[in-house]
Amino acid sequence: MTILITGANRGIGQGLAGEWRREGKEVIGTARNEPGLEQLDVAEPDSVSALGKRLQGRPISTLVCNAGILMDRHEQLEAGYSPELWARHFQVNVTGVFLTVQALMPNLRLAQEHGDTPKIAIVSSLLGSQAAAGGGRYIYRASKAAAINLGRNLAVDLRPEGIAVGIYHPGWVATDMGGPEAEVSVEESVDGLRRQIDNLNLTETGCFKAWDGKVLPF
């Protein structure tokens with residue numbers, strides 16, 4: 001059983017990698033430029049394609065699309081939210097997820113041939129839920145909403161192949177992205193997410209859940 005995690009150089013991705021390794025699982029961690037990890041910039045199609053070529057013929061049972069950015073923290077509606085900022089967020093938070101899934105589909109199918117139940121976990125956010133609109137952070141919210149939508153539609157198309165897809169909210173976590181005032185520790189989020197992903201199956205494919213298992217509105 002091999003698990004691949006994007007954005008595994010810090011925070012939640014790094015924590016998940018450590019948890020699964022302690023359980024004896026084989027983990028491939030990726031990052032843009034980090035010694036000891038597979039090189040992957042999800043915003044660069046050539047980088048994603050190169051990863052797929054390097055991993056050709058290697059079964060991957062679980063793909064965790066964790067890499068993401070949040071850059072529109074203090075933008076003002078009147079003069080902020082530049083087109084470049086919109087493009088960057090969608091490149092990483094949406095297109096990057098799709099390209100990674102697309103590139104590693106042969107690996108997921110190969111895992112199935114070896115007797116594993118392949119699954120894809122997409123780390124999104126409750127801020128992307130239409131039912132949780134709170135204003136502000138328009139770019140991040142829109143990109144995470146798109147990631148939820150992407151996961152839901154992948155679940156429909158991949159269900160006949162026996163590949164489950166889950167979408168997860170890690171909580172407001174005390175990482176570099178979440179900040180020191182966050183409500184959930186990295187350890188709590190990682191432990192909960194690991195349990196949700198481990199238990200993901202075709203019965204709940206397309207689910208949108210919080211780290212603690214709570215079913216969330218889309």
Side-chain angles (χ1 to χ4, degrees), residues 1-71 88-89 91-111 114 116-125 143 147 165-171 173-180 182 184-198 200 211:
M1 180 178 185
T2 300
I3 301 167
L4 188 141
I5 306 171
T6 66
N9 57 315
R10 61 182 180 178
I12 292 168
Q14 186 179 60
L16 285 170
E19 284 279 307
W20 274 314
R21 286 191 179 113
R22 279 189 286 274
E23 291 183 351
K25 307 285 178 59
E26 181 180 10
V27 178
I28 301 171
T30 77
R32 282 182 296 172
N33 188 17
E34 189 78 18
L37 298 180
E38 280 284 341
Q39 185 176 10
L40 173 65
D41 184 343
V42 298
E44 296 294 334
D46 289 345
S47 179
V48 181
S49 296
L51 177 70
K53 290 177 182 177
R54 291 197 303 273
L55 297 178
Q56 189 171 7
R58 190 167 178 178
I60 293 174
S61 55
T62 302
L63 168 60
V64 182
C65 296
N66 167 71
I69 58 171
L70 192 172
M71 300 172 67
R88 182 63 180 169
H89 274 77
Q91 283 174 338
V92 175
N93 294 351
V94 187
T95 308
V97 173
F98 177 78
L99 291 179
T100 302
V101 170
Q102 187 178 53
L104 297 180
M105 280 303 302
N107 307 81
L108 292 164
R109 290 175 175 137
L110 195 57
H114 284 71
D116 286 329
T117 301
K119 58 185 78 175
I120 298 167
I122 297 173
V123 179
S124 183
S125 172
S143 69
V165 181
I167 309 137
Y168 300 98
H169 167 56
V173 187
T175 60
D176 291 344
M177 182 183 290
V184 182
S185 71
V186 173
E187 293 75 19
E188 288 175 309
S189 178
V190 164
D191 182 64
L193 285 173
R194 179 184 55 80
R195 294 174 189 274
Q196 302 310 316
I197 296 169
D198 282 345
L200 175 63
W211 61 277

S.K.: Between Lys25 (side chain only) and Glu19 (backbone N and O only), is there a donor and an acceptor less than 3.5 Å apart?
M.R.: no
S.K.: Between atom CG of Asn9 and atom CD of Gln14, what is the distance when rounded to the nearest 0.5 Å?
M.R.: 7.0 Å
S.K.: What is the distance from atom CD of Gln39 to atom CZ of Arg54, rounded to the nearest 0.5 Å?
M.R.: 6.5 Å
S.K.: Which residues pass the side-chain hydrogen bond (donor to acceptor under 3.5 Å, both in side chains) test with Asp191, not counting sequence neighbours?
M.R.: Arg194, Arg195
S.K.: Work out which heavy atom in Ile12 is nearest to a heavy atom in Ser189; give both atom names and the distance.
M.R.: CD1-OG, 4.0 Å
S.K.: Can you list, pair by pair, the side-chain donor-acceptor contacts under 3.5 Å of residues 98-106, counting residues two or more places apart and other chains?
M.R.:
from, atom 1, to, atom 2, distance (Å)
Thr100, OG1, Gly96, O, 2.7

S.K.: How long is the span from the CG atom in Leu4 to the CD1 atom in Ile120, to the nearest 0.5 Å?
M.R.: 11.5 Å
S.K.: Over all heavy atoms of both residues, which pair between Gly11 and Val186 is shortest? Give the atoms and the distance, please.
M.R.: O-CG1, 4.0 Å
S.K.: Shortest non-hydrogen contact from Val92 to Ala43?
M.R.: CG2-CB, 3.8 Å
S.K.: Which distance, rounded to the nearest 0.5 Å, do you find between the CG of Asp198 and the CE of Met1?
M.R.: 6.0 Å
S.K.: Please give me the minimum heavy-atom distance between Lys119 and Leu108, naming the atom from each residue.
M.R.: O-CD2, 4.0 Å
S.K.: Closest heavy-atom contact between Trp211 and Glu188?
M.R.: CE3-O, 3.4 Å
S.K.: For the atom pair CD1 (Ile28) and CG (Leu40), what is the distance rounded to the nearest 0.5 Å?
M.R.: 11.5 Å
S.K.: Indicate yes or no for a side-chain donor-acceptor contact from Asp116 to the backbone of Pro118 under 3.5 Å, with no hydrogens or angles considered.
M.R.: no
S.K.: Give the table of side-chain donor-acceptor pairs shorter than 3.5 Å for residues 60-67, with sequence neighbours excluded, one pair per line with atom names and distance.
M.R.:
from, atom 1, to, atom 2, distance (Å)
Ser61, OG, Thr2, N, 3.3
Ser61, OG, Thr2, O, 2.9
Asn66, ND2, Thr6, O, 3.2
Asn66, ND2, Gly7, O, 3.0

S.K.: Return the OG to CD distance between Ser143 and Gln91, rounded to the nearest 0.5 Å.
M.R.: 12.0 Å
S.K.: Donor-acceptor pair, distance only, cut-off 3.5 Å: does the side chain of Asn93 make one with the backbone of Ile69?
M.R.: yes
